[in-house]
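Chain naming here is simple, since letters A, B, ... match the order of the sequence lines and numbering starts at 1 in each.
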Amino acid sequence: MTRYIIERIIAMFITLFIIVTIAFCVVRMMPGSVYDNPELPQSVIDALEAKAHLNEPLLVQYGYFLKGVILEGDWGTSVKIEPSVPAFDVLVKRIPVTLEINIYSLLISLPLGIIFGTIAALRKNKLADHLISVMVVICISVPSFVFASLLQYVLAFKLELFPIVYESTAVGVQRFASMALPIMALAFGPIATVTRYLRGELVETVNSEFMTLAKTKGLNQVQATVRHAFRNSCLPLTNVIIPMFTNVLGGSLVIERIFSIPGVGGIMINSINANDHPLTIAVLIFYSLVSLLTILIVDLSYGIIDPRIRLEAK
Amino acid sequence: MAEKNDIILEVKDLHVSFKSYAGYVRAVRGVNFTLHKGETIAIVGESGSGKSVSVKTIMGILSKNAVIDSGEVLYDGMDLTKVDEKVFHTLRGKRIGLIFQDPLSALNPIMKIGKQITEVLILEQKMNKEDAKKKAIELMRAVGIPQPEVRFDQYPFQFSGGMRQRIVIAIALASDPEILICDEPTTALDVTVQSRILELINKIKEERNLSVIFITHDLGVVANMADRVYVMYAGKVVEFGESEEIFFEPAHPYTWALLSSMPDLETKDEKLMAIPGTPPNMVYPPKGDAFAARNQYAMQIDFEEEPPFFKISDTHYAATWLLHPDAPETPMPEQLSQRIKRMKEEG
């Protein structure tokens, strides 16, 4: 098992290296320069570019970049979005608010998804199942910005129950009230995903032979369902839930735009539009790292949760 | 050995059908059988003859699209076709145990073996953990699991098929039932493992004085197990009697066909008899004798009217018009009678 983990981590860094290389080249090949302010004289721009090694060949630039990241932990410095602030700090500063909203949203959506999924599976092909299925289809197919705009219009603008946008300076109840709408808007998707997934798994396990055995050996319906069907259905569900938890770091571009949340969601697009290359690359590395770690955690968690894989791997 | 007054379970005129898109599938069409205390009965028939459905009715584990049209299952003064889930809950496991056909899928793959045995003891019989574990290890030893203390903490995938079936048997015995239903318990196992599982079932039956309903499509298995045999075809019992009577004096053409299609050690030169055709579509059960279309001895009346049971001896009955006094004398196939003679000689 240890060997397997080490292999996976090495493979992860190789993947990351390839991603970083491609990202660096693509970003540097984009038209336009970091220092394209028309008010600056050409000599100043040349001096700035020379300082950032931009006048050197691409390969040399890449060497400087790698040296900075690996040896000094220097991910580059933001030029436009927040001038002279290290790109890494720009990112880190924005993570907490994104994290907070997304975690709250997951804490709401997971239990709801599990409850709806269980009801739908146990009442398969009855009214409750059909109603939940309709809800799931709507939640999955309608994009989140439609929900977000609707919530904003109806609950905030018309009924005035919540603030229209996020208030970063508010505290206590007011702060939470201003987060309520984005939390709701973010929850629909995960609720639907978990519901649909759990229903499918549960329907299958409820009809399995070992459920019949659980019943014939003398457990009642509730005991058999909770101890055998439910536990077994949650195993494949980790495949869906763990990525949800790591993806929250990425934030949601659309939702954060609509509710004016200063999170990480919009930073990538903004940095590309502003030609802030160091920041773009830093964000790319960050996202890649999060995704790769997620895949690693999901794979390893399977080995920990599922005894069949855990014991076989020994 | 069986006396009239010690009937423990009685199935009377049971009709069960399944809703399907094609219509109602008449899986069981009037099945009668009785189980006496301490005896083993076998229900024999090919796939789809309604054997499993009959015992699932007894356990109350029919699938949701099944309908019990009529009939009674009498047990302990109750009619099991009418009692609700709560009552069934007090019977399953504790009074009637079930062994499954496929031990590979009958155990929960991610739960430890020990827990699967003790779970019901702890939850239903309110045993504490240590006592339950002690009892589980005892049970595992009784069903022939070596090193039960080690095996207790293992998962099903670490067991072979035969060992898993032993565990399923241990689970079925955990709550000390008085009736054990074995639904084709050896079908999914290797031939060598089969005989050991059968021996085990016989052994625990003796030790615990169980009454056993044994379901199988394999007549070879029946010979060593059953006191009495019920032969089922197309949702009906077509012949029943004591084991010897069914094996040595079969009367129904379907029983003849079943016996002829069973290979034995002497069948090297003879061609093995297969039953021609397929079982009828039970959405539209045939008129008359359901077996008539595949029966080389069928007469006109077989296609028109259903045969009643004709008495052969006090314990042996068969539903075929061949036994009617007006029917022409029809001996069983030559090949079969030869074989029966051999079997008798061998004892």
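- Remark: Phe18(B) CZ is packed, more than 12 non-hydrogen atoms of other residues, nucleotides or ligands lying under 6.0 Å away.
- Residue contact with chain A, scored on non-hydrogen atoms closer than 4.5 Å, is absent for Lys56(B).
- With values rounded to the nearest 0.5 angstrom, Glu124(B) atom CD is found 6.0 Å from Asn220(A) atom CG.
- The parts of Thr212(A) that come within reach of chain B are both its backbone and its side chain, each placing non-hydrogen atoms under 4.5 angstrom from that chain.
- More than 12 heavy atoms of other shown residues, nucleotides or ligands fall within 6.0 angstrom of atom CZ in Phe152(B).
- Within the 4.5 Å cutoff, no side-chain heavy atoms of Lys124(A) are placed close to those of Lys64(B).
- Other residues, nucleotides and ligands place more than 12 heavy atoms under 6.0 Å from the CD atom of Glu85(B).
- Listed options Asn207(A), Thr205(A), Leu235(A), Asn232(A) were ranked by heavy-atom pairs under 4.5 angstrom with chain B; first place goes to Asn232(A).
- Among residue pairs with one or both ends in residues 196-232 of chain A, none qualify as ring-ring contact (aromatic ring centres under 6.0 Å, His included); sequence neighbours excluded.
- For Lys82(B), the NZ atom is densely surrounded, since the number of other residues' heavy atoms within 6.0 Å is greater than 12.
- Arg227(A) approaches Glu119(B) most closely through the heavy-atom pair NE-OE2, 2.6 Å.
- For the set Ile61(B), Ile99(B), Leu123(B), Asp102(B), the entry with the most heavy-atom pairs within less than 4.5 Å of chain A is Leu123(B).
- Neither the backbone nor the side chain of Gln125(B) comes within contact range of chain A; no heavy atom of the residue lies under 4.5 Å from a heavy atom of that chain.
- Atom CD1 of Ile96(B) sits about 11.0 Å away from atom OG1 of Thr216(A), to the nearest 0.5 Å.
- Within the 4.5 Å cutoff, side-chain heavy atoms of Gln116(B) are placed close to those of Lys217(A).
- Interface remark: Ser105(B) contributes backbone and side-chain atoms alike to the contact with chain A (heavy atom separation under 4.5 Å).
- Glu209(A) contributes atom CD, which lies 7.5 Å from atom CD of Gln101(B) (distance to the nearest 0.5 angstrom).
- Of the listed residues (Gly93(B), Pro109(B), Gly97(B)), the one with the most heavy-atom contacts under 4.5 Å to chain A is Pro109(B).
- Within a 6.0 Å sphere centred on CD of Glu204(A), other residues, nucleotides and ligands contribute 12 heavy atoms or fewer.
- Neither the backbone nor the side chain of Lys112(B) comes within contact range of chain A; no heavy atoms are under 4.5 Å apart.
- For Phe13(A), the CZ atom is loosely surrounded, since the number of other residues' heavy atoms within 6.0 Å does not exceed 12.
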